[in-house]
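Here the structure is laid out as structure tokens; the discussion comes afterwards.
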Amino acid sequence: MENKNPDDSEQGIFKPQTETDKLSSSSEVNSLVENFFRKLNSEVTWEGEKLIVKNVPKLFENFYGKKSPYYVVFNPEDYKEEYELATKESFLIKTIAEFLDNKGKLTSLKINEDIDISSVINKNLKFKNAEIIKTNKNTYYKNIFRYTFLTTLQYLNENEKIINYFYAFEGKLINFDLEKFKTEDFKKSDFSQDEIKTNYEIVKNELKLVLRDRIDKAGSKVKKQLDLETQRIEDHYRKLNEEKLNEIRKNEAQIKILEKKNKTEDLSKVEKIKENIEKIKTDFLKDNEQFSKEKSALIKDEIQKHSLNINNSLMNTTIMSLPFYKFQIYLKSTKGNLRYLDLDYNLLDDKISLKCEESKKEGEEFYLCAGGQLCLQESIKKCSNCDSFVCLSGEKIVSEISGREICKNCSLKCPECKKVVSINQSDEDSFRKNKVCFNCLKSCLSCGKKTVKVNFKICALCKKEVCRNCLKRKFIEKTPREVCSYCY
């Protein structure tokens, strides 16, 4: 079997979407047409025996000379003037074949997706104790390259066409489903030939791997048929040789019979037979040399007939502008803590990655701690006072009154005793209007207000301890004294 591949330089694909179109087979017409338009990202539906094709790219519409929608039927009996007939010899099939052979075109598409920031974020992340209060997004575009190859395998009486699509992005092969997105044709200018070539080089060697099974299968069929033809030729010339050898054996057997009789007249016959044997042997040698040449020529001819011809053509290069997004979001926790956050998102990965600022692990459910950090549940604890979340690595604050751990927002350093206490273990000093811990405050028996102990004095008459605001001067036995409001 001879394997010919005139265009190895245009091979390349990675996990492609593949369809096989045997244009010579009428049984494949239905699937050919359906698969062709699906690969063009058209809208394809079946209505009984009729194939309805909508939203066909302008590239094919202009090539075909008619705008979509197309109503395709495959049986001439179902044909109407407004329909498209698809049979092996129809204009539609010929146009598709010509379109597939139209190599090397460069086209460009723009992917248009109207995304909702909140929906995308809620799909990927959950903020357990916070809500998104404001969002914004910035959009920029990057190029994805799609290379379309047409491979033709010609062998025996078959002409097999294989279309392979593959996608490359930033020098890497990717899996991408274009049918999931809305697209529009547009003129693309911000790309370079080097960009096309670099991505092309990445993928071209992969086509051999993708086609290996298909080529091996076709090669196996060719080899099997070639072996049959080669064996037929070998058998033919082996039979011719065997006939000559049998003739010699027959003459030799006759000589032995005559020699046993030992008669004079038989001896003369023996000599004639021996002369005949020599002639047969001489002719056999000549014929054998000729047979060998004929056999080699015939086998060579069969090898030529049973070759597998492989032609790989770069049919189309499509540059697709894919939007990438940078989200700006503002979070507010149930306790009023605020946080600004930048998030990256693109349609290629369709996910948002966020790491716990405590453990550095990626996750989906986050808490906004009192210190403003976003943490996973395993990296937070609750304040015993206000139930706010605090991260494990945050400053550990313990009330020196209760001994319980509290968050920063609930802590207070008493200005009198300098101890750290919970804000719930403090009250306002009525004199200075600042917060002081319970241990440093005292209630006035006269006005009921609280202040620090240094602001208390004893009434000269009743001897009760009251705040200075409740004391008044009064002459007692001609001597000025400070007395409480009850004794004044």
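None of these values were measured; they are calculated from a predicted model.
- For Asn311 (side chain) and Thr152 (main-chain N/O), no donor-acceptor pair under 3.5 Å exists by modelled atom type.
- Listed for the Gln425 side chain is a donor-acceptor partner under 3.5 Å among the backbone atoms of Ser422.
- With sequence neighbours excluded, no residue forms a salt bridge (charged side-chain N to carboxylate O under 4.0 Å, His left out) with Asp78.
- Within the model, atoms SG of Cys407 and NZ of Lys335 stand 9.0 Å from one another, a figure rounded to the nearest 0.5 Å.
- Taking a cutoff of 4.0 Å between a charged side-chain nitrogen and a carboxylate oxygen, Arg38 and Glu34 qualify as a salt bridge.
- In this structure, a donor-acceptor pair under 3.5 Å is absent between the side chains of Ser333 and Asn129.
- Taking the side-chain contact (heavy atoms from CB on, under 4.5 Å) definition, one finds that Thr148 meets it with Arg146, Ile163, Tyr165, Met315, Asn316, sequence neighbours left out.
- Side-chain atoms of Ser426 come within 3.5 Å of backbone N or O of Ile423 as a donor-acceptor pair.
- Between the side chain of Ser220 and the main chain of Lys217, no donor-acceptor pair closer than 3.5 Å is present.
- Applying the salt bridge (charged side-chain N to carboxylate O under 4.0 Å, His left out) test to pairs two or more places apart or on separate chains, those with a residue in residues 421-445 are Glu416-Arg432, Asp427-Lys450, Lys442-Glu465.
- Residues forming a side-chain contact (heavy atoms from CB on, under 4.5 Å) with Lys361 (at least two apart in sequence, or on another chain): Ser359, Leu376, Glu378.
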For side-chain contact (heavy atoms from CB on, under 4.5 Å), just list the numbers for Thr151 and Ile310, CA-CA rounded to whole Å, side-chain angles, deciding distance to a tenth of an Å, and then say yes or no. CA-CA 7 Å; Thr151 299; Ile310 306 168; 4.2 Å; yes
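- Proximity of a side-chain donor or acceptor of Ser42 to a complementary backbone N or O of Phe37 within less than 3.5 Å is detected.
- Counting all heavy atoms, side chain and backbone alike, Lys463 lies closest to Ala460 at NZ-O, 3.2 Å.
- For the ring pair (Phe, Tyr, Trp, His ring centres under 6.0 Å) test, no residue two or more places apart in sequence or in another chain qualifies with Phe431.
- Geometrically, Lys110 engages Tyr141 in a cation-pi contact, judged by NZ or CZ lying under 6.0 Å from the ring centre and within 45° of the ring axis.
- Lys66 is linked by a salt bridge (charged side-chain N to carboxylate O under 4.0 Å, His left out) to Glu84, counting only residues two or more places apart in sequence or in another chain.
- Take Tyr367 and apply the ring pair (Phe, Tyr, Trp, His ring centres under 6.0 Å) test, not counting sequence neighbours, and it matches Phe389.
- Ring-centre distance between Phe145 and Tyr167: not below the 6.0 Å cut-off.
- For the ring-ring contact (aromatic ring centres under 6.0 Å, His included) condition, the pairs that include at least one residue of residues 333-364, sequence neighbours left out, are Phe327-Tyr345, Tyr330-Tyr340.
- For Lys449, the NZ atom sits in a loose shell: 12 or fewer heavy atoms of surrounding residues, nucleotides or ligands are nearer than 6.0 Å.
- Under the 30°/60° scheme for interplanar angles, the aromatic rings of Phe181 and Phe176 are found to lie parallel.
- In this structure, the ring pair (Phe, Tyr, Trp, His ring centres under 6.0 Å) partners of Tyr64, at least two apart in sequence or on a different chain, are Phe60, Tyr70, Phe91.
- In this structure, CD1 in Ile144 is found 9.0 Å from CG in Leu178, a value given to the nearest 0.5 Å.
- Applying the salt bridge (charged side-chain N to carboxylate O under 4.0 Å, His left out) criterion to Lys137, with sequence neighbours excluded, gives no partner residue.
- At distances below 3.5 Å, at least one donor-acceptor pair connects side-chain atoms of Asn122 with backbone N or O atoms of Ser118.
- Side chain of Glu49 to backbone of Val73: no donor-acceptor contact under 3.5 angstrom is found.
- Annotation: side-chain contact (heavy atoms from CB on, under 4.5 Å) contacts of Glu405 (sequence neighbours excluded): Lys381, Lys396.
- Between Trp46 and Tyr71, a ring centre-to-centre spacing not shorter than 6.0 Å is recorded.
- For residues 339-351, the set of pairs meeting the salt bridge (charged side-chain N to carboxylate O under 4.0 Å, His left out) definition, not counting sequence neighbours, comprises Lys123-Asp350, Lys326-Asp344, Arg339-Glu357.
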